[in-house]
Structure formats: structure tokens, C-alpha cells
Amino acid sequence: MADDYRLGVLDGDGIGPEIVPATVQVLDAALAATGAAPVEWVPLPVGASAIETHGSALPDVTVETLDKLDGWLLGPHDSASYPQVHRAQLNPSGFLRKHFDLFANIRPAKAFEGTPAMVPGLDLVVVRENTEGFYADRSTYRGTGEFMPTKDVAIAMGIFTRPAIERVARQAFELALGRRRHLTIVHKANVLRTTTGFFLEICREIAADYPGVEVDDFHIDAMTVHLVRHGADFDVLVTENMFGDILSDLTGELAGSLGIAPSINASHDRAMAQAAHGSAPDIAGRGLANPTAMISSGAMLLDWLGLQPAAALVDRGLRATVAQGVRTADLGGTAGTAEFTAAVVESINGLT
């Protein structure tokens, strides 16, 4: 890829306008500290403010501009609070994942030393297939995979295709190769034999190309128990869309807080950084939000772009800051968003 990057900035709703600018500030500091070329940030409208200014939560100008960029930061959205006409449409995140075929949702969960993690030592990654499965909003070319043939019957389709499973499986195996070489397939093949059984079967087929990776598999219900009891034993989990969404919320909390749970949504040629948590409207505008998940998501985007030194420095800066006792309320501290962000920037500058 090129040395100069243009990246979108979509603040979103709720705490988004607080944590996304904090992320830009931290990423800029890491890029400067490692001697990388500065990123050109391209602000774009999205969410409730875009409805007011453009009549849409995701205006055409935003989608058209994103198509010309290398990647972007997407803040959380609060689509449940949008007017009904906008709630009836795909939310901004779902639309962008589907439109740009961002097939791999990669969600790490790693405890911070000294914080009250429910599973100390947790360090794993959930790789979630992002384009089909049991998520109806991504299961059809047009419209959604939910419908009502009569007023008393509601049906949702689960879609599983070989190409989608193969590509996300390879993404997961490649990730495992760079970690502890252990991959766990999560499914429900004892009941959903044709669909998640197909997912399991294809992942096992792909495993033949990765003889150096240890492979096991668990049913989704058993997996939740194993994660709570001994989550530190797992490395990379690969699963379908809805299972991955649920498991990654669980693993984020087991690591200490959803406030530290990052993710990127990636295709082969672009990526969207997005914290795993929601918009937290109850604390929006109060300067209390933990920006760690969004900052870490931004670091994942830098890593995906090939800017590994800057990405690693962001992670080191975050962990040094928390280790020094500067923490937001969800991690047992008293720091606000601005104070925590400033401390991370100071840590980054002190590590170089």
C-alpha cells in the first residue's frame, strides 16, 4: 500500500464525538513518534447529526467518499433513537459492512495488567464472519432476511455459503499462525447440522492447509462456559456472525470491560475500525467515556495498513497508562476521557 493514507472519521452518536477525536489524537501522536507520514483525516457525516443535516443517518456523500479512502474510524451509533423511518433501514454499521463486503470482524480481548478482569490472563481474538449467517440484515442482496408470510408468523433466514466460510476461516488461521497457533471453531452442529455443521466442515477442510495450527471445536453454549471458567486457555475463535457478536461481548467483559473491547471490520482491500461497545447515551457529553476500545480499534487499523510500529506503540502507551493507575471509571479509576487521552499521548511520547 501507499505511504500516505487518507482515512475517514465518522464520529457517530452518544459518546462517539468524544472517543473518536481522542483516537485521532492518540494515533497522530504514535505516527509522529515512529516517524511515519501523517494521516490525512477526512471527517464525514453519520448518525443522528447527519439525519439533521443530510436527511439520512448515512448520507450518499459519506459512502461515496469512503469508497475513495484506505479505511476509516466509525464511532458508535444509536440507531434505536432515530426517527422510525430511519430505524426501518439498515443501521450505518450494518450497511457499511454489507456494502463494502467487510467479511472479517476481528475482535481481540486482552486483559490489562492490574485491572479487575473476570478472567486474568485472557488474551484471545474472536474472528466473526461478518456478511451472512444468522444476521438477517446481511443475508440478502436486497432487503433483509426477515419476513412475515402472515400476521402470526415471523421467519428469519440463516445463510451459510462456502466462499464466505472459506475466506473467514483462512483469515482466522493466518491470525493464529502469528499468535499461539491454536484455533477453536465455534458452532452448534449438534442441532443446526446443515448450517453451522457446514461451517464446521469447511473450517476443518481449511485446517488441512495449516498443519502447524492446533484445531478444536465447541458448541456455542459450551463455549460460553469454557470462556468463563478458563478463557485464558484459548487463542483464536472463529464462528458465524451472530455467535461471534455474542461471544465477543462476553470476552470483552471477561477481559475487564466492554470499554476496552476493540475491533476492525476488514475485506481484502479496506478496513473499518469500530469499538465493540455501543453509544452509551447515559454518559454522553459528560467526559466520562473510556476511549480505550476506540483507540485500540484505531491501532488495529494502523496495523492492517502496514503501520505496525505505530500500532504497537499505541498498545504500549495504553497499557503503560493503565499500569500507572490512570484509569476511567469502568476500570476502577477516576480519570475522564480527556485526562486519560492526554495520559496515553504522554506515555507514547515517553516510550520513544
I need the minimum non-hydrogen distance between Pro76 and Gly16, along with the two atoms involved. CD-CA, 3.8 Å

Got His54 and Thr62 here, is their nearest side-chain heavy-atom distance under 4.5 Å? no

Steps toward side chain to side chain contact (heavy atoms under 4.5 Å, CB included) verdict (Leu102, Ile264): CA-CA 9 Å; Leu102 305 175; Ile264 61 166; over 6 Å; no

Stepwise, does the side chain to side chain contact (heavy atoms under 4.5 Å, CB included) test hold for Arg270 with Leu66? CA-CA 10 Å; Arg270 72 188 71 224; Leu66 291 177; 5.7 Å; no

Scanning both residues in full, the closest heavy-atom pair of Ile15 with Gly278 reads CD1-O, 4.2 Å

Let me check something: any side-chain donor-acceptor pairs from residues 110-127 under 3.5 Å, sequence neighbours excluded? List them with distances.
from   : atom 1 : to     : atom 2 : distance (Å)
Thr115 : OG1    : Phe112 : O      : 2.6
Asp123 : OD1    : Arg179 : NH2    : 3.3

Here the gap from Gln324 atom CD to Arg319 atom CZ, rounded to the nearest 0.5 Å, amounts to 14.0 Å

Is any side-chain heavy atom of Asp67 closer than 4.5 Å to a side-chain heavy atom of Phe100? yes

Does Thr196 use its side chain to pair, donor to acceptor, with the backbone of Ala189 at less than 3.5 Å? yes

Kindly indicate whether the side chain of Trp72, heavy atoms from C-beta on, has any atom under 4.5 Å from the side chain of Leu7. no

Spell out, as yes or no, whether a donor-acceptor pair under 3.5 Å connects the side chain of Asp13 to the backbone of Ala48. yes

Please answer whether the main-chain N or O of Gln274 pairs with a side-chain N or O of Ser263 as donor and acceptor at a distance below 3.5 Å. yes

If a pair satisfies side chain to side chain donor-acceptor pair (under 3.5 Å) and one of its residues is in residues 289-303, list it, with sequence neighbours excluded. Asn290-Thr292, Asn290-Thr328, Asn290-Asp330

Shortest non-hydrogen contact from Ala164 to Glu132? CB-OE2, 3.3 Å

Identified side chain to side chain contact (heavy atoms under 4.5 Å, CB included) counterpart of Val24 within the set Ile295, Leu73, Val39: Leu73

Atom pair NE2 (His86) and OG (Ser79), whose distance is rounded to the nearest 0.5 Å: 12.0 Å

Under a 3.5 Å distance rule, please check whether Glu240 uses its side chain to pair with a backbone N or O of Glu129 as donor and acceptor. no

Checking side chain to side chain contact (heavy atoms under 4.5 Å, CB included) for the pair Leu58/His77: CA distance, chi angles, key distance, verdict? CA-CA 11 Å; Leu58 190 63; His77 53 73; over 6 Å; no

Quick one: pull up CG in Asp221 and CG in Asn190 and give me the separation to the nearest 0.5 Å. 7.0 Å

Close side-chain approach of Ile202 and Arg162, heavy atoms under 4.5 Å: yes

Cluster overlap Val236 with Leu177, hydrophobic side-chain contacts below 4.5 Å: yes

Not counting sequence neighbours, which residues clear side-chain contact (heavy atoms from CB on, under 4.5 Å) with Pro21? List them please. Asp11

Is there a side-chain contact between His277 and Ile19 (heavy atoms, below 4.5 Å)? yes

Please tell me whether Leu351 and Leu318 are part of a single hydrophobic cluster in this structure, the criterion being side-chain heavy atoms less than 4.5 Å apart. yes

Can you tell me if CZ on Arg180 sees more than 12 non-hydrogen neighbours from other groups inside 6.0 Å? yes

Let me check something: do Leu258 and Leu227 share a hydrophobic cluster, defined by ILVMFWY side-chain heavy atoms less than 4.5 Å apart, either directly or through other members? no

Below 4.5 Å, heavy atoms only, C-beta onward: do Val345 and Val26 meet side chain to side chain? yes

Sequence-distant partners of Ser49, side-chain contact (heavy atoms from CB on, under 4.5 Å), two or more places apart: none

Tell me every residue that passes side-chain contact (heavy atoms from CB on, under 4.5 Å) with Val191, counting only those two or more places apart in sequence or in another chain. Lys188

With sequence neighbours excluded, give me every ring pair (Phe, Tyr, Trp, His ring centres under 6.0 Å) pair touching residues 179-203. His187-His219

For Gln25, look at atom CD and say whether over 12 heavy atoms of other residues, nucleotides or ligands are found less than 6.0 Å away. yes

Rounding to 0.5 Å, atoms CE (Met272) and CG (Leu69) come to a distance of 13.5 Å

State the CG-CG distance between Asp269 and Asp70, to the nearest 0.5 angstrom. 10.0 Å

Closest approach of Gly256 to Leu331 (non-hydrogen atoms, all atoms of both residues): O-CD2, 4.3 Å

Determine whether a donor-acceptor pair (N or O, by modelled atom type, separation under 3.5 Å) exists between the side chain of Thr239 and the backbone of Val186. yes

What one should report as the nearest heavy-atom pair of Ala293 and Ala275 is CB-CB, 3.8 Å

Can you name the residues that form a salt bridge (Lys or Arg N to Asp or Glu O under 4.0 Å) with Glu40, not counting sequence neighbours? Arg6

Taking C-beta and beyond as the side chain, do Arg97 and Asn105 meet within less than 4.5 Å on heavy atoms? yes

When you look at Arg107 and Asp245, which way does the side chain to side chain contact (heavy atoms under 4.5 Å, CB included) test go after all the steps? CA-CA 9 Å; Arg107 293 187 167 189; Asp245 194 9; 3.3 Å; yes

Those residues at least two apart in sequence (or on a different chain) that pass side-chain contact (heavy atoms from CB on, under 4.5 Å) with Ala335 are Val326, Glu339, Phe340

Kindly say whether Pro38 contributes a backbone atom to a donor-acceptor pair with the side chain of Asp28 at under 3.5 angstrom? no

Check: Leu254 and Val228 side chains under 4.5 Å, non-hydrogen atoms: yes

Once rounded to the nearest 0.5 Å, what's the spacing between atom CD1 of Ile283 and atom OG1 of Thr337? 7.0 Å

Once you measure the plane-to-plane angle for Phe243 and Phe134, does it fall in the parallel (<30°), tilted (30-60°) or perpendicular (>60°) bin? tilted

Qualifying residues under ring-ring contact (aromatic ring centres under 6.0 Å, His included), relative to His226, sequence neighbours excluded: Phe218, His230

Which donor-acceptor pairs under 3.5 Å do the side chains of residues 150-157 make with protein atoms, sequence neighbours left out?
from   : atom 1 : to     : atom 2 : distance (Å)
Thr150 : OG1    : Asp152 : N      : 3.2
Thr150 : OG1    : Val153 : N      : 3.4

What pairs with Tyr82 under ring-ring contact (aromatic ring centres under 6.0 Å, His included), at least two apart in sequence or on another chain? none

If every non-hydrogen atom of Ile51 is compared with every non-hydrogen atom of Ala57, which pair is closest and at what distance? CG1-N, 3.5 Å

Side-chain donor-acceptor pair present, Glu174, Tyr210, cut-off under 3.5 Å: yes

Salt bridge (Lys or Arg N to Asp or Glu O under 4.0 Å) against Arg170, all qualifying residues, sequence neighbours excluded: Asp209

